[in-house]
Amino acid sequence: MNSTPALHPLPRIIEIASLGDFDRHAATALALTDKRLAASMHGWHVQSVDLRARSAVLEKLRSAGSVFMGCDIEGKIERRLRGGGALVFPEIPGLPFDPYRGELYSGSELYAGLDAGSYESVTDARIYAWASHRYGAGAHDALNAALSTTLHDHAIGSRLDSQIRDGALSHAPLVGVMGGHAQERGSAGYERAARLGHALSGAGFIVATGGGPGAMEAANLGAYLGSGSTENLAEALGMLAEEPGFAPSVTRWARAAARVRERWPAGLANLGIPTWFYGHEPPNMFATHIAKYFANATREAVLLKSCPGGIVFLPGAAGTVQEIFQDACENFYGAEGSISPMVLVGIEHWTRTLPAYPLLADLARGRAMEEKIFLVEDAAEAVRILVEFNDGSISGVRGLA
């Protein structure tokens, strides 16, 4: 007979991603436990923590039902943990990434070494090459590849949840900006996306994008410079326009972005969620927090879920259309309180070039989502709509210049 969640609640899970977390939970467990019994770590998920100096504490704790991923543990203690019922994930050799990492990525990490070498030598490119089997295909088998990428994406997802819940991305509503990767620097579409990101950030939102080039980079750029003037943004746009696209040279494209980051080293927090599934499209450097996934389906679901403040859809092609209707599906079946605004920018594009809006409007008719579907011509109107719907959750509003 199958059990049901209603009758058998899931066990409590405690995510531990730092030595401080471990010390707090260990102290609580030891203080509350009957002195005749060993304190339990049941439900603890400990990830990327150096526990070599905590052997004495681990000896006092029952390990049954606990999980250790990518932790440094003394050999005898690790054997004791396994013998007591803990699941201890081993090191997987030959990987250009840490499947148990405890932090999101940054542009500096993914592009480390770019100043001295080409893009092909940086961390991001080496991981993509591994994932696409361009080199080292015999160095990892299918099982290790599946295990390592799944563990990695789980780790990234957990850390992103933590950042949104009570970390650097928790102080304001997240608003998504979706749009085409083909918008080149120097184009009107790229500038529109950048000014949209700048205005959203200035209005008190945290901007989230797919983390790639084109409109995504532009929105992250605008958000990154959101505390500064529109003159700063205009200067940055001019600097980037010298290298319009990542083809034929990702190296030159990325170095132009690095120069902008050097010019303005401190930017506002914003989020990029790219994927190595589309690894030929490099991640942009202007997202201060990068949650990069191997599985594109996971990445897309996470991106939409992470934007309760609403999503702005700029003109794009197949990928943007897919994101529109994936978001629409969530809103169609969602409870009234969980529905977030959808704002499509570009009347001609979304009614004639790719007529997604008429179908979206028909789909929404009579549903709770109907009042949260918008079609506007300019990005300034999109900002005003999102400010209205998030009134009370954001601070200070600045217009779209």
Side-chain angles (χ1 to χ4, degrees), residues 174-184 187-197 199-200 205 207-220 222 272-275 277-278 281 296-334 336 338-386 388-390 400:
L174 265 76
V175 166
V177 177
M178 313 296 180
H181 68 272
Q183 294 282 3
E184 289 196 333
S187 68
Y190 187 96
E191 180 176 349
R192 173 168 59 177
R195 292 190 178 278
L196 170 64
L200 287 170
F205 294 107
V207 173
T209 79
M216 294 173 282
E217 180 190 55
N220 285 130
I273 309 182
T275 172
F277 183 80
Y278 295 133
E281 296 179 8
N296 185 51
T298 302
R299 167 254 194 171
E300 288 177 339
V302 168
L303 179 55
L304 294 173
K305 182 192 75 171
S306 300
C307 300
I311 297 180
V312 180
F313 298 93
L314 297 171
T320 309
V321 171
Q322 177 183 334
E323 289 160 350
I324 288 173
F325 287 103
Q326 190 170 346
D327 191 27
C329 186
E330 296 290 332
N331 285 334
F332 186 89
Y333 291 110
E336 186 169 351
S338 68
I339 298 170
S340 58
M342 300 177 66
V343 187
L344 279 62
V345 177
I347 295 174
E348 176 74 15
H349 185 84
W350 293 123
T351 60
R352 293 184 179 276
T353 306
L354 291 175
Y357 178 76
L359 177 56
L360 181 62
D362 286 343
L363 187 69
R365 189 165 293 114
R367 310 286 298 190
M369 65 187 286
E370 184 175 14
E371 295 182 354
K372 296 187 177 182
I373 304 295
F374 302 91
L375 175 66
V376 300
E377 184 55 37
D378 69 286
E381 182 63 18
V383 176
R384 284 191 285 270
I385 288 169
L386 293 179
E388 179 181 341
F389 270 91
N390 289 276
L400 183 68

Requested in this report: Quick one: pull up CG in Leu386 and CZ in Phe374 and give me the separation to the nearest 0.5 Å.
Outcome: 8.5 Å
Query raised in the report: Mind checking whether Leu303 and Met178 have side chains closer than 4.5 Å, heavy atoms only?
Result: yes
Query - Taking every non-hydrogen atom, the tightest pair across Ile339 and Ala368 - result: CD1-CB, 3.5 Å
Query raised in the report: With a cut-off of 6.0 Å (strictly less than), are more than 12 heavy atoms of other residues, nucleotides or ligands near OH of Tyr333?
Result: no
Requested in this report: Provide the closest heavy-atom pair for Asn220 versus Val207 in the form atom of the first, atom of the second, distance.
Outcome: ND2-O, 4.4 Å
Query raised in the report: Between OG of Ser340 and CG of Leu174, what distance do you get to the nearest 0.5 Å?
Result: 11.5 Å
Report summary line: With Met342 as partner, the option from Val312, Leu360, Leu375 fulfilling side-chain contact (heavy atoms from CB on, under 4.5 Å) is Leu360
Query - Approximate separation, where rounding is to 0.5 Å, of Ile311 CD1 and Gln326 CD - result: 9.5 Å
Query raised in the report: Can Ile373 and Tyr357 be said to form a side chain to side chain contact (heavy atoms under 4.5 Å, CB included), step by step?
Result: CA-CA 9 Å; Ile373 304 295; Tyr357 178 76; 3.8 Å; yes
Query - Pro213 to Glu281 - nearest heavy-atom pair and separation - result: CD-CB, 4.0 Å
Requested in this report: Could you pull out the closest heavy-atom pair between Ala382 and Val343, with the gap in Å?
Outcome: CB-CG1, 3.7 Å
**Report entry** His349 side chain vs Gly316 backbone, donor-acceptor pair below 3.5 Å
**Finding:** yes
Query raised in the report: How many angstroms lie between CD in Gln322 and CD in Glu300, if you round to the nearest 0.5 Å?
Result: 4.5 Å
Query raised in the report: Are any non-hydrogen side-chain atoms of Tyr278 and Arg299 less than 4.5 angstrom apart?
Result: yes
Query raised in the report: Any Lys/Arg nitrogen of Arg384 or Glu381 sitting under 4.0 Å from an Asp/Glu carboxylate oxygen of the other?
Result: yes
Report summary line: Partner of Trp350 under side-chain contact (heavy atoms from CB on, under 4.5 Å), picked from Leu344, Val345, Leu314, is Leu344
Query raised in the report: Between CE of Met369 and CD of Glu330, what distance do you get to the nearest 0.5 Å?
Result: 10.5 Å
